[in-house]
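Convention: sequence-line order gives letters A, B, ...; per-chain numbering from 1.
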Amino acid sequence: MATSDEMYQAVIIEHARSPRNYKPLVTPTHHCDGRNPLCGDEVSLDLTVDAEGRITDIGFQGQGCAISKASASMMTAAIKGKTVPEARELFERFHALVTGEPTDEKALGKLVAFKGVAAYPMRVKCATMGWHVMMEALDENREKRPNGSEQ
Amino acid sequence: MATSDEMYQAVIIEHARSPRNYKPLVTPTHHCDGRNPLCGDEVSLDLTVDAEGRITDIGFQGQGCAISKASASMMTAAIKGKTVPEARELFERFHALVTGEPTDEKALGKLVAFKGVAAYPMRVKCATMGWHVMMEALDENREKRPNGSEQ
Amino acid sequence: MTALASSLRGTFPVLGTLSRGHPMIYLDSAATAQKPQAVIDAMTRFYTQDYGTIHRGVYQVSERATLAWDAARERVAHFLTAATADEVVFVRGTTEAINLVAESFLKPRIKPGATVLVTEMEHHANIVPWQLAGAKTVPIPISDTGELDLVAAERLLAAGCEMLAVCHVSNALGTINPVVELCRMAKRHGVPVLIDGAQAAPHLCIDVQAIGCDFYCFSGHKVYGPTGIGALWAKREHLAKMPPYQGGGDMIDLVTFEGTTYAPAPRKFEAGTPHIAGAIGLEAALRWLDALDRVALRREEEELLAFGTGLLAEVPGLRLIGSAREKAGILTFVIEGVHPHDIASILDHDGVCIRAGHHCTQPLHRRLGVQSTARASLALYSTRDDLEKLAHGLVKIQRMFN
Amino acid sequence: MTALASSLRGTFPVLGTLSRGHPMIYLDSAATAQKPQAVIDAMTRFYTQDYGTIHRGVYQVSERATLAWDAARERVAHFLTAATADEVVFVRGTTEAINLVAESFLKPRIKPGATVLVTEMEHHANIVPWQLAGAKTVPIPISDTGELDLVAAERLLAAGCEMLAVCHVSNALGTINPVVELCRMAKRHGVPVLIDGAQAAPHLCIDVQAIGCDFYCFSGHKVYGPTGIGALWAKREHLAKMPPYQGGGDMIDLVTFEGTTYAPAPRKFEAGTPHIAGAIGLEAALRWLDALDRVALRREEEELLAFGTGLLAEVPGLRLIGSAREKAGILTFVIEGVHPHDIASILDHDGVCIRAGHHCTQPLHRRLGVQSTARASLALYSTRDDLEKLAHGLVKIQRMFN
Ligand SMILES: Cc1ncc(COP(=O)(O)O)c(C=O)c1O
Ligand SMILES: Cc1ncc(COP(=O)(O)O)c(C=O)c1O
């Protein structure tokens, strides 16, 4: 039997209320906007990646439900300071977590709070929206800057 | 339980094989063509109505199933020599017969052979096609000739 | 009070199931209604005992299917108080009906860019088809309570337009629009009117002749019938003049490679093997509705709506959206500090099913200055208990987030 | 011999009923196929336990409906050996699929009067939509046995056309057309190809990638599925470029009164609440088919067709129409001196269900010089006994009229 606590953990509600890194960056190296036409949620994401491929700063803004907001917020906290390959790897793990695939939960740290989403397939998009936008921001700019820092 | 004899009486098959009055008229006073787009059946009907409103001659031609052919054939035999109001009345009776409504079966004479059609709603159109064309022929010309012989 | 509703619940098997392990409280009937056993049985009977195609077969199951198809058309005509069944065209649903009218009625009459008058509260289904047909959609504004501005309507009609397309009942606000008056106004300006009856059909008794519209449509799945079927009613003279919509079997008179002539309406608009089981299910649904005291049910719904409105008013931070004087059983709202999606999700965890989002009315939401809303909608099986469970959940949610 | 067929019959409840008081012999499966219990049960289960709408709800029944809808699309993709489920659009049936392609793919590419190549054996559904879209239909001729003239096809393709539209299997002749070869020829001339798979889907294993066509479509009700649902498969690049067909909910991205942007395919082509129960029933039908040994069934059908062909050859005055080397289980015929309508009617009185008429192929009948024909068509539940009863009835009828 499901309970609302499974998905709406205290940490999620806390992040939804006070999202971290909720700001635009002044000179981002990467940017992407995402929108979910079904629910109208929007995320705008800025990243600064340094010459070594490390994410030195990150900021997001947007409209959305608690799950999408908290997920974007906790993502920014989790990937700040990580290298791009590390961020990608974390995305894979997080995606596995919220779709019920096996993964190393310890490596996800606090993000494991989203485990409950796996029981609600309709909410997976909310939980991964910020992540998809992050992945796209990194991908998109790679094409524009073929000699850039990402592989 | 239905048997094929109910609908395909010997008299019907006989008329279908050798339809009466199967000819065009040279100088008809009334004419109408009918077609059933669903089955492709066609009837072309000529009538001669005299000044007293009596059907003095009638001829039909067409393509169709045994039911529609026999029905048109037996109709021509039945209404030849009748007045227009009498023909209309016979149509009403015949229509009642094949749709299972109560009617004076004796007044229908041989036409009562079509009683079995009432059990097969999909075939009512076949059995009444010639009749509808006859009614239309009489109606149509009434409009064209407002001072004509029909009331 | 809701004695009728309670007595009806037993005939809706889904309402007896669990949702997330809790007894299901279904409050999304404006999206789609649950089905009474009679409707399910009619379709099962068709598929297990009588299945055949229509029109072209002389054998017994085809004959029965054809008679059932014709009877369904008669039943829809009766449900809409139409003059004749020949004015009823079977379609997939409201959306297809409006597309059919936009394509076959409007498009041949207009130059691209001509105006179709709609309202700020229209469903996308009553906006996009007109745009696809090349028209510009111009909305009649609404008041903050969710009522049409009839003065503006008169002015916009006078300014000139090719068509007025308006919902009978708004799926987001619950507003019952004054369709008789609107049709009278439009008629004075020689403007044909389509009424989107998707939300009216389940709640009101419909009389297309008394309304005075040119086109009326609804979806089977919202009036307790199956998915994939609905009806368009149109004045006979319109149907006679409109070119076919889709081409194929059953809508033709004579086909040659050089050109084709068409069957008379309504067959002209029903190309291909139709959704026969759907029509049979819809017939069963409307027959079932016909047997009820719809006037009494409407009164019960009004009481239930008043009851629910009162309950929701007590939820801290809740703002109800849509408070028209004439209103059907729809309760749309936002809660300060809580996203509608979260409201719907958390209620869901307790078996309470409501909708969150824009309800296919993005322009209305823009007009109201909200991204999305939560919506609880009633059907004739809805009870006070349903609304109490809803209100209880909302209070809990409000506390969770504040 | 037809051991498989006999073992399957029990799962089709209609086949156990009486028709006009006699055990039903159903030989009109080319018009529409009967349904196995699994299909009926899937829909009943949906309506009684899981009913909800798709996409827009977070609550359990809506979630389940959405997953079932997606699973149905996957199942259709697998059935057609498509590369991805995104290339599958749900429609009402073959007729709507062809109308969609004519309207959204062909019409924007052509000037009125442009040529669409069809064949003399096409169903009206594969003629009229092209005409409605403004094209001229030009037929590839057939031989007297009912086979396409490939030399003429090559010549007509070389002469120039905008589209080739051809049935995979003829519903009137049974002919299995060489679609791989036709697609190869068309490709050489840069002509896109639509294959009407309405009659192929129930009989053959379909591989749209191996065929090499641009569009492929079929109807659910002919593959043992419910009415009102079917599928269009199209190459992804075509779907991406085609404008929407119908407008409304679920096919949009952003709606404003000034203009609207659309969702990506396939959603762009699925406006409004779709026939959810239909997709669920179709999924059950294709799953049921998948579990069978379709290669063995195809072999049985060939044997049964040969058996039936032999039986009919012995009926005095009977002429079989359609004797292509590659043929599916369709037996079309005329009897000297007996109208096909009477044949069907008299067989019906003994419980034998066949079709009489033009089978929505008026041009073919004109080509053959007959007004109408009688047609017995086979499905995987058909048996030798069915055909013996048919032949027995035909002999009786022949005697009645001669
Ligand atoms: C070859 C062929 N094409 C198209 C159709 C039309 O299919 P539907 O009526 O299901 O749209 C049929 C069946 O009627 C058919 O046999
Ligand atoms: C007011 C209104 N119009 C049109 C529609 C579209 O109906 P359907 O999706 O059944 O075509 C709906 C329901 O979704 C509605 O509420």
Side-chain angles (χ1 to χ4, degrees), chain C residues 13-14 17 19-20 28 31-32 34-35 40 44 47-49 51 53 56-61 92-93 95-96 99 124-125 127-129 131-132 137-139 219 221 226-228 244 246-249 252 255-257 259-260 271-273 275-278 344-345 348 353 355 357 360 362-363, chain D residues 13-14 17 19-20 28 31-32 34-35 40 44 47-49 51 53 56-61 92-93 95-96 99 124-125 127-129 131-132 137-139 219 221 226-228 244 246-249 252 255-257 259-260 271-273 275-278 344-345 348 353 355 357 360 362-363:
Chain C
V14 167
T17 65
S19 184
R20 310 288 186 202
D28 196 17
T32 199
Q34 296 298 338
K35 317 306 170 202
I40 302 165
T44 306
Y47 282 128
T48 54
Q49 294 173 26
Y51 184 72
T53 192
R56 289 165 291 178
V58 298
Y59 51 84
Q60 189 169 45
V61 289
R92 180 168 29 242
T95 302
E96 180 165 64
N99 278 276
H124 295 162
I127 299 172
V128 186
Q131 296 177 340
L132 285 179
T137 47
V138 172
S219 301
H221 70 96
T227 60
Q246 299 184 331
I252 58 99
V255 176
T256 74
F257 291 118
T260 293
T273 306
H275 183 12
I276 308 166
S345 246
D348 164 48
C353 307
R355 167 62 41 101
C360 293
Q362 288 179 354
Chain D
V14 166
T17 65
S19 184
R20 311 288 186 202
D28 197 16
T32 199
Q34 296 298 338
K35 317 307 169 202
I40 302 165
T44 306
Y47 282 127
T48 53
Q49 295 173 27
Y51 184 72
T53 191
R56 287 166 292 180
V58 298
Y59 51 84
Q60 189 169 46
V61 289
R92 179 168 30 242
T95 301
E96 179 164 65
N99 278 276
H124 295 162
I127 299 173
V128 185
Q131 296 176 340
L132 285 179
T137 47
V138 172
S219 301
H221 70 98
T227 60
Q246 299 184 331
I252 58 97
V255 176
T256 73
F257 291 118
T260 293
T273 307
H275 183 12
I276 309 166
S345 248
D348 165 48
C353 308
R355 167 63 39 103
C360 293
Q362 288 180 353

(message) Heavy-atom pairs under 4.5 Å with chain D: which of C/C360, C/G249, C/G278, C/C353 has the most?
(response) C/C353
(message) Quick check on the interface: out of D/E96, D/H221, D/Q49, who has the most heavy-atom pairs with chain C under 4.5 Å?
(response) D/E96
(request) Determine yes or no for a side-chain-to-main-chain donor-acceptor pair under 3.5 angstrom, with D/T95 supplying the side chain and D/A125 the backbone. (result) no
(request) Could you look at D/Q246 and say if it's the side chain, the backbone, both or neither that has a heavy atom under 4.5 Å from chain C? (result) both
(request) Check whether any side-chain N or O of C/Q131 sits under 3.5 Å from a backbone N or O of D/T256 as a donor-acceptor pair, and report yes or no. (result) yes
(request) Using modelled atom types only, decide if a donor and an acceptor are shared between the side chain of C/D348 and the backbone of C/A344 within a distance under 3.5 Å. (result) no
(message) With no hydrogens and no angle check, just 3.5 Å: does a side-chain donor-acceptor pair link D/T227 and C/Y51?
(response) no
(request) Could you check which of C/G247, C/A31, C/P226 has the highest count of heavy-atom pairs closer than 4.5 Å to chain D? (result) C/G247
(message) Can you list everything that forms a salt bridge (Lys or Arg N to Asp or Glu O under 4.0 Å) with C/D28? Sequence neighbours excluded, please.
(response) C/R355, C/R375
(message) So which residue, C/G272, C/P363, C/A277, ends up with the most heavy-atom pairs under 4.5 Å with chain D?
(response) C/P363
(request) Sequence neighbours left out, what passes side-chain hydrogen bond (donor to acceptor under 3.5 Å, both in side chains) with C/T17? Give chain and number order. (result) none
(request) Give the member of C/T273, C/I276, C/V138, C/T44 that has the highest number of heavy-atom pairs under 4.5 Å with chain D. (result) C/T273
(request) Could you have a look at C/S219, C/G259, C/G93 and say which one has the most heavy-atom pairs with chain D under 4.5 angstrom? (result) C/G259
(request) Look at C/P13, C/G57, C/A271 and state which one has the largest set of heavy-atom pairs under 4.5 Å with chain D. (result) C/P13
